[in-house]
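Notes for the one structure printed next.
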Amino acid sequence: MKIRILAVGQKMPSWVEQGVSEYTKRLPPDFRVEFEEIPLGARRPGSDLKKALAQESDALLARIKGKEKVIALDVLGKSWSSEKLAEEAAAWRMEGRDIALLIGGPDGLSDACLQKAEQRWSLSGLTLPHPLVRVLLAEQLYRAWTLLSGHPYHR
C-alpha cells in the first residue's frame, strides 16, 4: 500500500524534512509514505482568499490518482487514537487501494476537496502549524505500522 500525502505549502524547514524522513525511512516498501507539496494559492493584501483556496483545491484534486482512497485531514473530522489509526490502516490495506491524504493550506480544504474525501480525519482539536502536522502525521503512520506488524519498537 502506498500513502501519498498531498500537502499545500512548500519549502519546509530542514527540521520538518528531517523529522518526516526519520519516520518514513523506517517503513517497509509495502507501507510506503510519500509527501507531495502543492503550491500555496496566491495571497496578497486585498486579494480574494476564495481564489487562493480554489487554486489549491484544483491542484490537490488534479493530483489524486484514479482509484486512490481520499482522506481529508480536517479539524471537523473524526479523531482517532493510534490504535484506531492502525485499524483504519489495516482496513485500507484490505481494500487493496492506495491512499491520498489531503492537507489544506492556511484556510483549510475547499468544499470540493471535502466532498471528494471518503473519510475525514482530525489529528487534533488544536490548530497545529502545517510543518508540525507533517512530522506528526509521519510519526503516527509509522506508529500505526508498528501496531499492525507487531514491531518491537511500538511504545
Provide the closest heavy-atom pair for [X] versus [Y] in the form atom of the first, atom of the second, distance.
X	Y	result
Leu40	Gly9	CG-CA, 4.4 Å
Leu102	Cys113	CD1-CB, 4.1 Å
Ser122	Val75	OG-O, 3.4 Å
Leu141	Phe31	O-CE2, 3.6 Å

Side-chain heavy atoms of [X] within contact of [Y], under 4.5 Å:
X	Y	result
Tyr23	Val33	no
Arg26	Trp145	no
Leu49	Pro106	no
Arg63	Ile38	yes
His130	Ile103	yes
Arg97	Glu118	yes

List the steps, then state whether side chain to side chain contact (heavy atoms under 4.5 Å, CB included) holds for Tyr142 with Glu22. CA-CA 10 Å; Tyr142 169 72; Glu22 182 60 36; over 6 Å; no
Common cluster, Leu137/Trp15, ILVMFWY with side-chain heavy-atom separation under 4.5 Å: yes
Examine Val16 and Leu101 and state if one hydrophobic cluster contains both, with Ile, Leu, Val, Met, Phe, Trp and Tyr joined whenever side-chain heavy atoms are less than 4.5 Å apart. yes
Between Gln119 and Trp80, is there a side-chain donor-acceptor contact under 3.5 Å, judged purely by atom types and distance? no
I need the [X] [atom1] to [Y] [atom2] distance, nearest 0.5 Å.
X	Y	atom1	atom2	result
Ile3	Phe35	CD1	CZ	10.0 Å
Leu60	Glu36	CG	CD	10.0 Å
Arg4	Asp98	CZ	CG	8.5 Å
Met1	Leu148	CE	CG	7.5 Å
Leu109	Leu76	CG	CG	11.0 Å
Leu73	Leu136	CG	CG	9.5 Å

Taking Glu56 for the side chain and Gly104 for the main chain, is one N or O donor matched with an acceptor at less than 3.5 Å? no
Side chain of Thr146, backbone of Arg143: donor and acceptor closer than 3.5 Å? yes
Lys78 and Lys84: side chain to side chain contact (heavy atoms under 4.5 Å, CB included), yes or no, with the steps? CA-CA 11 Å; Lys78 291 185 180 179; Lys84 177 64 175 167; over 6 Å; no
Evaluate Ile5 against Val20 for side chain to side chain contact (heavy atoms under 4.5 Å, CB included), listing each step before the verdict. CA-CA 11 Å; Ile5 299 165; Val20 166; over 6 Å; no
Test of understanding: with side chain to side chain contact (heavy atoms under 4.5 Å, CB included), list the residues that count as partners of Glu37, not counting sequence neighbours. Gln10, Met12, Arg134
Could you go through Arg120 and Leu114, starting from their C-alpha distance and side-chain angles, then the distance that decides it, and tell me whether this counts as side chain to side chain contact (heavy atoms under 4.5 Å, CB included)? CA-CA 8 Å; Arg120 294 183 193 183; Leu114 293 173; 3.3 Å; yes
Applied to residues 106-116, the side-chain hydrogen bond (donor to acceptor under 3.5 Å, both in side chains) test, sequence neighbours excluded, yields Arg43-Asp107, Ser57-Ser110
